[in-house]
Amino acid sequence: MGKKKKLKKKIGSRLADDERALVVCVGKRCAPREESRALVEDLRRYVAAKADRKLRVEVFGCLGICKKGPIVATLPEVHIYKHVDSDKGHRLADELAEPTP
């Protein structure tokens, strides 16, 4: 099973139909875990501050894209982003939370 299908199956099944998610890889080989977990907490605070959004921040054990992290994927459409910092994570959250036409 490919990375995108695995991600969609495991995390996507937890989402409501109108819900979107940022999924942060917390595997031990893509970036230091402290860095990935700090990104998760930062994104959760950022999303919570914008309470009008139906956006979740989830963690995933390993996306299989090692040494290019922190890695963040989006759902329901799966796009994978490498070397994500807080600024890039905030931009992704803003883009993902915008309603689609």
*Asks:* Under the salt bridge (charged side-chain N to carboxylate O under 4.0 Å, His left out) rule, what pairs show up with a residue in residues 70-92, not counting sequence neighbours?
*Replies:* none

*Asks:* Would you check if V84 and I71 make a side-chain contact, meaning some heavy-atom pair closer than 4.5 Å?
*Replies:* no

*Asks:* To the nearest 0.5 Å, what is the distance between CG (D94) and OH (Y46)?
*Replies:* 3.0 Å

*Asks:* In the structure I gave you, are the side-chain heavy atoms of V57 and V40 within less than 4.5 Å of one another anywhere?
*Replies:* yes

*Asks:* Using only atom types and a distance under 3.5 Å, with no angle test, would you say the side chain of T74 pairs donor to acceptor with the backbone of L22?
*Replies:* no

*Asks:* For the pair R33 (side chain) and V26 (backbone), establish whether a donor and an acceptor sit closer than 3.5 Å, ignoring hydrogens and angles.
*Replies:* yes

*Asks:* Could you check whether any side-chain heavy atom of L92 comes within less than 4.5 Å of a side-chain heavy atom of V72, counting everything from C-beta outward?
*Replies:* yes

*Asks:* Going by the rule salt bridge (charged side-chain N to carboxylate O under 4.0 Å, His left out), which residues pair with R44 if we only count those two or more places apart in sequence or in a different chain?
*Replies:* E41

*Asks:* Less than 4.5 Å apart, any side-chain heavy atom of L43 and any of H90?
*Replies:* yes

*Asks:* Just how far is it from atom NZ of K50 to atom CG of L55, taken to the nearest 0.5 Å?
*Replies:* 11.5 Å

*Asks:* I'd like to know if the side chain of R20 and the backbone of L96 have a donor-acceptor N/O pair within less than 3.5 Å.
*Replies:* yes

*Asks:* How many angstroms lie between atom SG of C25 and atom CG of L39, to the nearest 0.5 angstrom?
*Replies:* 11.0 Å

*Asks:* Please report the shortest heavy-atom distance between G69 and A31, naming the atom on each side.
*Replies:* C-CB, 3.6 Å

